[in-house]
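In what follows, chains are A, B, ... by sequence order, proteins preceding strands, each numbered from 1.
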Number of protein chains: 2
Amino acid sequence: MDRYSEPGFISDIKSKYNLNLVGDDCAVLPKDPETDMVVTADMLVEDVDFRLSWTAPYLLGRKALSVSLSDIAAMGAAPVWAMLSIAAPENLWKSDFLDQFYEGWHSRAREFGVALIGGDTSRSPDKLAIDSIVFGEAPKGKALLRSGARPGDLIYVTGTLGGAAGGLKLLQSGQAAAREQDRNVKQLLQKQLDPTPQINIANYLLHNSLASSAIDISDGFSTDVFHICEKSEVGCTIDADQLPVNPGLLEFSTAEEALDLALNGGEDFELIFTIPPAREKLLGLEDLTKVGVITRSDQGRKIVKDGDISDLVPSGFSHF
Amino acid sequence: MDRYSEPGFISDIKSKYNLNLVGDDCAVLPKDPETDMVVTADMLVEDVDFRLSWTAPYLLGRKALSVSLSDIAAMGAAPVWAMLSIAAPENLWKSDFLDQFYEGWHSRAREFGVALIGGDTSRSPDKLAIDSIVFGEAPKGKALLRSGARPGDLIYVTGTLGGAAGGLKLLQSGQAAAREQDRNVKQLLQKQLDPTPQINIANYLLHNSLASSAIDISDGFSTDVFHICEKSEVGCTIDADQLPVNPGLLEFSTAEEALDLALNGGEDFELIFTIPPAREKLLGLEDLTKVGVITRSDQGRKIVKDGDISDLVPSGFSHF
């Protein structure tokens, strides 16, 4: 692994300092005899993670909270508290940008019962940077981890895939503004600019002991399912024909391009979870799709498409 | 208060969203029946809060943790966990900057028994930004607040004042590099670049029920003692002649300039605390100085110098 890539650096730092609490979507900390606290931080930087010309401050505030709520969802936890650290250049302080940002943030916070407890504000020389921190709670020892998948478990995803990446492509190509009344454009932009964290489904899975592992799709399905395989030390076989490709993508892309976005596009903030086959019949939820099965590690990580098996290549977004 | 200043904005946001958990050095959260959790976040931005040409990455790592530990100290709490979010430009990722930064961070973490549990790393377009988050614990209901000072309480500070601001002046004037072997220069630079959080004294004060209120000196004595007066709804009378002016300042400044730095210079990360007079005799600690007394609110906030009383003006560092 490249020492100077983010994952390489983190893995290096982790082994050097023996950081065994670091590594899942959230850190899991002991709270009281019945409860674990889970906590996550997400740094969003202007012109790296978002562009001010592509979004509205209200939506950016919602997304800053949503990305961290999605990490809480990946643990099956219930969000409780949040902190928000913002470094903003002077022109934003002098406009109503931050008002609208906070209004968006709080609109999302209200939906999920999250209380703002602190954070920091600072001036920045030119770019906006946001650190979004969320605390959640889960029954002790029950938080969903990446490491719990076992051979034979079925692999599910929530919602549809590739929409956020499709929305990003529309923004990058400059097509978005002219076509924002188009129903598909609107839906793809919403996936990119105002994603929904899957807290409710995640809480249902945890409280009914349905998931053996879970992760949220931030980097892209192929990369995130790999994270489960690595942490669980298992293989997987994915059925490409079952992937719930966002139907809006087909207005702008060939079926092959759309599948590529669904497999490798990031930021859908849907969940991937695994479930032991004996529990599958209890899964009384809509909007879930079975996309594959966990295998023994020596079977490798595979994808089947039109009857052909090939290696699944983690090609999602890398932060570097 | 200026709506577009940071304090004005925060006060506006707090009243708008009814954020009563926000406002002290740390948020205080219920953890278990015996324990409160306190948590703080500090955002440090390149060329606003530090300059890379003035410090070393190892020292910056230590300071990033120390500023948050100082907030934990202000609550009398014991630090336990930390998170670190970093947005760094590509040239820093490609050097050993972050290695040295983490090494410094961990050297400070080891001193105070803090475990790194998470955070985030991101690329940034040009400037380095760091969000430092620390969690501490205090016996339930015992965390030291800004709001506990009562008329008649005595006002103490730890250590000496003005040194960090003096060090900053040396860096700004370009005198630091040429004179770093000078004992006074070294000491002032250390106060600015490698401050010590007053965790041990703070824990002693809490566990012996000695402090009625506390705050750390980040903005400057005059401003921070004002924060106690505002939150406690009291007045104060400060004896300027008692302020423990950092003796190294006198090599570079007149006595008047040195007193100004001690009164209004930020970032000493010493503590101001108040103590009921009946408890004062139990204060078996060195390196503490009595600098004034808490008065009734209608007595105002005053400073006495050479026998003259005048209004104490909060003239410390404002973040904007």
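In terms of heavy-atom proximity, A:Asp120 sits nearest to B:Ala41 at CB-O, 3.3 Å. Residues A:Ser122 and B:Asp49 come closest through the heavy atom pair OG-OD2, 3.4 Å. The heavy-atom pair separating A:Pro125 from B:Lys127 by the smallest distance is CG-CG, 3.9 Å.
Residues B:Phe135 and A:Val39 are in side-chain contact: their nearest non-hydrogen atoms beyond the backbone lie under 4.5 Å apart.
Interatomic distance, OG of A:Ser85 versus CG of B:Asp42, reported as 7.5 Å (0.5 Å rounding). Residue A:Ile130 holds its CD1 atom at 8.0 Å from CE of B:Met43, rounded to the nearest 0.5 Å. Atom CE of B:Met37 and atom CD1 of A:Ile117 lie 6.0 Å apart (nearest 0.5 Å).
Of the two parts of B:Met83, only the side chain, counted from C-beta on, holds a non-hydrogen atom closer than 4.5 Å to a non-hydrogen atom of chain A. Both the backbone and the side chain of B:Lys31 come within less than 4.5 Å of a heavy atom of chain A. Only the backbone of B:Thr40 comes within contact range of chain A, judged by heavy atoms closer than 4.5 Å. Contacts of A:Glu46 with chain B are made by backbone atoms alone, with heavy-atom separations under 4.5 Å and no side-chain atom involved. There is no contact between B:Leu84 and chain A, counting heavy-atom distances below 4.5 Å. In this structure, the portion of A:Ile133 lying under 4.5 Å from any heavy atom of chain B is its side chain and not its backbone.
Top candidate by heavy-atom pairs under 4.5 Å with chain B, chosen from A:Asp47, A:Asp126, A:Leu44, A:Val80, is A:Asp126.
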